[in-house]
Amino acid sequence: MNQLLFEARSLVGIVSSIIRQDDLHIMHSRLDWGNIFRLADYHNVANVVHLGILGYGDKLPEKWKDRFFERYQESLLFNENCKNSIDEVLTWLDMRDISCTILTSESLRDYYQIPEVAANSPIEILLDDEDYFLAKGYLIDLGYEADQEYKGMGELFRRLSGVSVVLYQHLTFKTAKYRKHLSKVMETACEKEPYNNILMLPPESEFLFRMAEAAYRYTIDELTLREVMDLLLFYQVWNERIDMADIMKSLAKLQVDGLSEKILRISHMWFGKPGLSYFEEVPEDMSAYDVLENRLLTKGVINNETDPQAIKLKGKIQKEMDRDGREDARERQKEKLKEYMDKVKKKMKWVFPDFHYMTSIYPSLEKLPVLLPLFWIMRDIRLLLRMIRK
């Protein structure tokens with residue numbers, strides 16, 4: 001467990017050194033680079049780590065140096081194809097008067113000082129049900145392949161170039177309060193130039209969405225370093241135009257204001273530089289941040305959660321997941337019952353064939369249809385005797 005946490009914190013240090021452009025000494029001899037790669041890949045920062053380990057030469061196993069370099073190359077390829085591919089998709093949607101909302105700005109890539117360390121993140125598009133299937137068909141025609149399904153919510157589509165698109169039918173939050181509140185946030189979206197039907201959230205709404213999503217994903221142990229880093233980068237660019245008081249009031253309605261603020265603060269501790277006034281006041285109780293760090297970096301393996309908002313939200317999500325599980329179980333039971341009844345119907349049709357079939361075997365039945373039950377019995381006895389003889 002200590003080794004897991006040590007490697008996770010070492011990963012944060014490597015990524016932070018590149019983002020902050022600081023010097024870093026890597027204790028390479030104590031690290032399992034296979035674990036570091038898998039952890040970096042999960043957190044979507046393997047391309048950043050490649051730059052962090054340059055210059056370490058023979059100190060790293062060749063296999064894992066190559067794997068990090070592969071992720072770096074993928075990022076370069078993604079960077080070359082990203083804008084044109086996204087413009088192609090959005091232009092098609094706009095030309096067909098399909099209204100949709102981009103959930104998070106793809107321009108976040110421009111906030112990185114080193115472009116190639118940005119994430120190969122998909123553009124996320126929210127559509128209504130009818131337009132969703134039109135857009136899905138178009139992506140498939142363009143050569144995108146369905147890569148991952150978010151049951152009842154949407155799908156991730158990926159191209160060989162590395163560019164990917166997520167189409168959503170619904171916001172991916174289990175709790176009704178989250179869905180209702182963030183659906184209202186979607187209503188603040190405005191037209192994205194030069195399109196007429198493509199909507200995008202204004203900076204304050206997008207930041208609110210990112211903060212709420214980060215708190216939600218943290219409680220289900222799916223929040224990644226990349227998302228935490230993107231949250232801070234977005235804040236650094238837009239903080240002068242964002243009213244944090246309004247943001248916190250809105251998050252308080254979701255009962256995640258304290259939790260989401262902790263996530264933002266820890267992102268600054270990891271990746272930020274001095275100069276942002278919002279972070280000048282150091283929290284009195286740093287132990288809460290240790291708990292958050294341990295849980296986030298180990299994907300919930302180390303979970304000594306103390307934050308009341310995280311505990312409460314997790315309980316609500318679990319309740320919804322349990323209900324979904326019961327509904328799935330009922331659906332499976334219905335399917336099994338339907339399959340059983342279909343088999344019974346087939347057997348009944350074999351034991352009691354329809355009138356036309358029986359007249360083909362017993363032509364005299366056609367003149368006396370009322371005797372159909374009698375002819376059924378005669379046929380079944382004949383078949384039964386044949387089976388006994390065999």
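Predicted, not measured: the structure shown is a model, and the values here were computed from it.
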S.K.: Using the rule side-chain contact (heavy atoms from CB on, under 4.5 Å), only one of Leu171, Ile317, Val256 pairs with Tyr178; which is it?
M.R.: Val256
S.K.: Tyr235 and Phe279: aromatic ring centres closer than 6.0 Å?
M.R.: yes
S.K.: Answer with yes or no whether the side chains of Lys314 and Gln309 bring together a donor and an acceptor at under 3.5 Å.
M.R.: no
S.K.: Answer with yes or no whether the side chains of His50 and Ser75 bring together a donor and an acceptor at under 3.5 Å.
M.R.: no
S.K.: Side chains of Gln236 and Tyr111: do they bring a donor and an acceptor to under 3.5 Å?
M.R.: no
S.K.: Can Arg241 and Glu204 be counted as an ion pair, charged N to O under 4.0 angstrom?
M.R.: no
S.K.: Met186, Val166: one ILVMFWY side-chain cluster at the under-4.5 Å cut-off?
M.R.: yes
S.K.: Using a distance-only test with no angle check, is there a side-chain donor-acceptor pair under 3.5 angstrom linking Asp32 and Gln3?
M.R.: no
S.K.: Would you please say whether a donor-acceptor pair under 3.5 Å links the side chains of Tyr218 and Glu305?
M.R.: yes
S.K.: Would you say Asp322 and Gln318 are linked by a side-chain donor-acceptor pair, where the criterion is simply a distance under 3.5 Å?
M.R.: yes
S.K.: So which pairs with a foot in residues 135-145 pass salt bridge (Lys or Arg N to Asp or Glu O under 4.0 Å), sequence neighbours left out?
M.R.: Lys136-Glu155
S.K.: Classify the angle between the aromatic ring planes of Phe173 and Tyr216 as parallel (below 30°), tilted (30 to 60°) or perpendicular (above 60°).
M.R.: perpendicular
S.K.: Is there a donor in the side chain of Tyr278 and an acceptor in the side chain of Glu261, or the other way round, less than 3.5 Å apart?
M.R.: yes
S.K.: How would you list, by chain and number, every residue that makes a ring-ring contact (aromatic ring centres under 6.0 Å, His included) with Tyr289, sequence neighbours excluded?
M.R.: none
S.K.: In this structure, would Ile198 and Met95 fall into the same cluster of hydrophobic residues linked by side-chain contacts under 4.5 Å?
M.R.: no
S.K.: Go through the side-chain N and O atoms of Thr224 and Glu227 and say whether any donor and acceptor fall under 3.5 Å apart.
M.R.: yes
S.K.: Are Asn120 and Arg226 close enough that a side-chain donor and a side-chain acceptor fall under 3.5 Å?
M.R.: no
